[in-house]
Undergrad: 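Got a structure for you, written out below as structure tokens; questions coming shortly.
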Amino acid sequence: MDLKTALTERLQEALEIYVASSDVVVEGAAPDLSDVQVSVEIPRNTEHGDFATNLAMQLTKRLRRNPMQIAEELLGHFSMEGLVRETSVARPGFINFRMATEAATEVLRRIAEQGEGWGRTNSGQGAKVLVEFVSANPTGPLHIGHARNVVVGDIAARLYEATGHAVTREYYFNDGGVQMRVLGTTLNLRVDEQLGREVEWPEQYYRGEYMKDIANLMIEELGPEVAGSEHPVQYYTDFATREILKTIDADLKAMGVAFDNWFREISLYENGKVEKTLEEMGEKGLTYDHEGAKWFKATSHGDNRDRVVVKSDGTNTYLLPDIAYNEDKFNRGYDRIINVLGADHFGQVPSLLAAAQALGHPGEKLHYIIYQMVSLLKDGESLKLSTRSGEFITLKEMIDEIGVGVVRFFFAMRSPDSQMTFDWNLAKDTSMENPVYYVQYAHARCCSLFR
């Protein structure tokens, strides 16, 4: 039993004895207080005590007495033994309690005995939950802009695990879009550049130094003759994707996050799931043709306007593979599907929910956690983050310089839907200005107490 529950029960016992005593009589009879709720709370000002109750003030009208008098009389029937060290009464009738040391240490002893099992429940009863998060394009290493997604998604997964759910962590990487061709072209040109050839850079390419590192690795691994000879763009895309995903996986594990599934967008096309989803939508009358494009009747299912799924040039919009991906998740038999998305994807959520329900899936099974994007403040300067321009601080740099615990704590301090500026200098600070300092200091003291 926790201290609050134990104290509440002691107060309930004191109230029953008090009411049964001969001196508590209203109009010739003992009052019926069976419906009185005995509540104990932590006071806002902890100088008043560890816990407090307003029970005396609840009884004022019923007992027709001053709450200060009621409080004193109640305490006359209250047993402090082994639980409470000190009591006091404060106007207008609060009763304050300071807990006995042996009671608190008994709670700590039970927590220590339970270890990692403390605080866990089996309320989920093994229900299958998929948490899909991070899902950054494999076009560069993870940077501070992705860190909030990492922390929010992993916290959600850990909470579900702690409540008895069977959790699967999934990373979805978009390897089917135009950006992957840009990635392959960039590596091709970087290889040529590293081999001393003349290179003419297109308007769109990835400028980060990491692409030079991958080019050097490719030359070293395959040899200059192979790496520098003529190959399709996909050849370079595949090599770059492989190396970038290795880096992403290593950085995530350094953050304490290990994924169960790595799901490729391109697989939805290779196994025909995108085409099958479009056919099913057509069979159910969920699409129509207009001006050469194919539209989803989203307004019939809760969205504010209909959405294009196939453009007039025959190419799919981003919405169609996302609908197919959700279909794949539902077909894998999950009881709950959690998708963690940045605020820039907020507009897609009504369309995806509408499509899921239109295709016959219970809406309550699909949930979206939307987090606001992060801005970075370092040395008093606000920095912009861009993988394409190469202007970013990698997640690895962040972990190495600040530490995993501090990074996770800073992102856990704010609700995902709140705006956030990550103050790099504050995160590194070891003074009372840094909120993590309090936790680290408390942890150090707890370790000392256990020793």
Undergrad: For Y171, does its backbone N or O pair with a side-chain atom of S135 as donor and acceptor, under 3.5 Å?
TA: no
Undergrad: Just by distance, no angles: are the side chains of T421 and S375 close enough, under 3.5 Å, to form a donor-acceptor pair?
TA: yes
Undergrad: Answer yes if the ring centres of Y172 and F259 are under 6.0 angstrom apart, and no otherwise.
TA: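 Ring centres of F259 and Y172 not closer than 6.0 Å.
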Undergrad: May I have the list of side-chain donor-acceptor pairs in residues 349-365 shorter than 3.5 Å, sequence neighbours left out?
TA:
from: S351; atom 1: OG; to: D303; atom 2: OD2; distance (Å): 2.7
from: S351; atom 1: OG; to: R307; atom 2: NE; distance (Å): 3.1
from: H361; atom 1: NE2; to: E327; atom 2: OE2; distance (Å): 2.5

Undergrad: With the threshold set at 4.0 Å, does a side-chain nitrogen-carboxylate oxygen contact exist between R242 and D238?
TA: no
Undergrad: For R98, does its backbone N or O pair with a side-chain atom of D50 as donor and acceptor, under 3.5 Å?
TA: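 Between the backbone of R98 and the side chain of D50 there is no qualifying donor-acceptor contact (under 3.5 Å).
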Undergrad: For N96 and A52, work out which heavy atoms get closest and say how close.
TA: OD1-CB, 3.3 Å
Undergrad: Quick check: does any side chain N or O of D379 sit under 3.5 Å from a backbone N or O of E381, one acting as donor and the other as acceptor?
TA: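 Answer holds: no.
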Undergrad: Rounded to the nearest 0.5 Å, what separates atom CG in L278 from atom CD in E280?
TA: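 Spacing of CG (L278) from CD (E280) equals 10.5 Å.
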Undergrad: Drop me the distance from R181's CZ to Q234's CD, to the nearest 0.5 angstrom.
TA: 8.5 Å
Undergrad: Do other residues, nucleotides or ligands put more than 12 heavy atoms under 6.0 Å from the CD atom of E116?
TA: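 Result for CD/E116: open.
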Undergrad: Looking at F263, is its backbone amide N or carbonyl O close enough to the side chain of N261 to form a donor-acceptor pair, meaning the two atoms are under 3.5 Å apart?
TA: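 Side chain of N261 to backbone of F263: no pair is present.
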Undergrad: With rounding to the nearest 0.5 Å, note down the distance linking CD1 in I402 to CG in L426.
TA: 9.5 Å
Undergrad: Side chains of D322 and Q348: donor-acceptor distance under 3.5 Å anywhere?
TA: yes
Undergrad: Among residues two or more places apart or on two chains, list those pairs meeting salt bridge (charged side-chain N to carboxylate O under 4.0 Å, His left out) that have a residue in residues 122-147.
TA: E132-K329
Undergrad: For D306 and Y288, does a side-chain donor sit closer than 3.5 Å to a side-chain acceptor?
TA: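 Indeed, the side chains of D306 and Y288 share at least one donor-acceptor pair under 3.5 Å.
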Undergrad: Check for a donor-acceptor pair, side chain of T247 on one end and backbone N or O of P141 on the other, with a separation under 3.5 Å.
TA: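 No.
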Undergrad: Salt-bridge test for R109 and E113: reply yes if a basic N is under 4.0 Å from a carboxylate O, no otherwise.
TA: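 So R109 does not pair with E113 through a salt bridge.
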Undergrad: Can you run down the salt bridge (charged side-chain N to carboxylate O under 4.0 Å, His left out) pairs that involve residues 413-441, sequence neighbours left out, and say none if there aren't any?
TA: E401-K428
Undergrad: What's the shortest heavy-atom distance between R148 and S418, and which atoms?
TA: NH1-O, 2.9 Å
Undergrad: Quick one: does L377's side chain get under 4.5 Å of F422's, heavy atoms only?
TA: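 They are not in side-chain contact.
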Undergrad: Could you grab the distance from atom CG of N137 to atom CE of M180, nearest 0.5 Å is fine?
TA: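 It comes to 7.5 Å.
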Undergrad: Have S448 and R445 got a donor and an acceptor in their side chains that come within less than 3.5 Å?
TA: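 Not at all, the side chains of S448 and R445 share no donor-acceptor pair under 3.5 Å.
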Undergrad: Between E209 and K212, does any side-chain N to carboxylate O distance fall below 4.0 Å?
TA: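 Judged by the 4.0 Å cut-off on N to carboxylate O distance, E209 and K212 do form a salt bridge.
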Undergrad: If you measure only the distance, is there a donor-acceptor pair under 3.5 Å linking the side chains of Y325 and E170?
TA: yes
Undergrad: With a 3.5 Å distance limit and no angle check, can you tell me whether T287 reaches the backbone of K294 through a side-chain donor-acceptor pair?
TA: no
Undergrad: In plain terms, say whether D35 and R62 are close enough for a salt bridge, that is, a side-chain N and a carboxylate O under 4.0 Å apart.
TA: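 Looking at R62 together with D35, the answer is yes, because their closest N to O distance falls below 4.0 Å.
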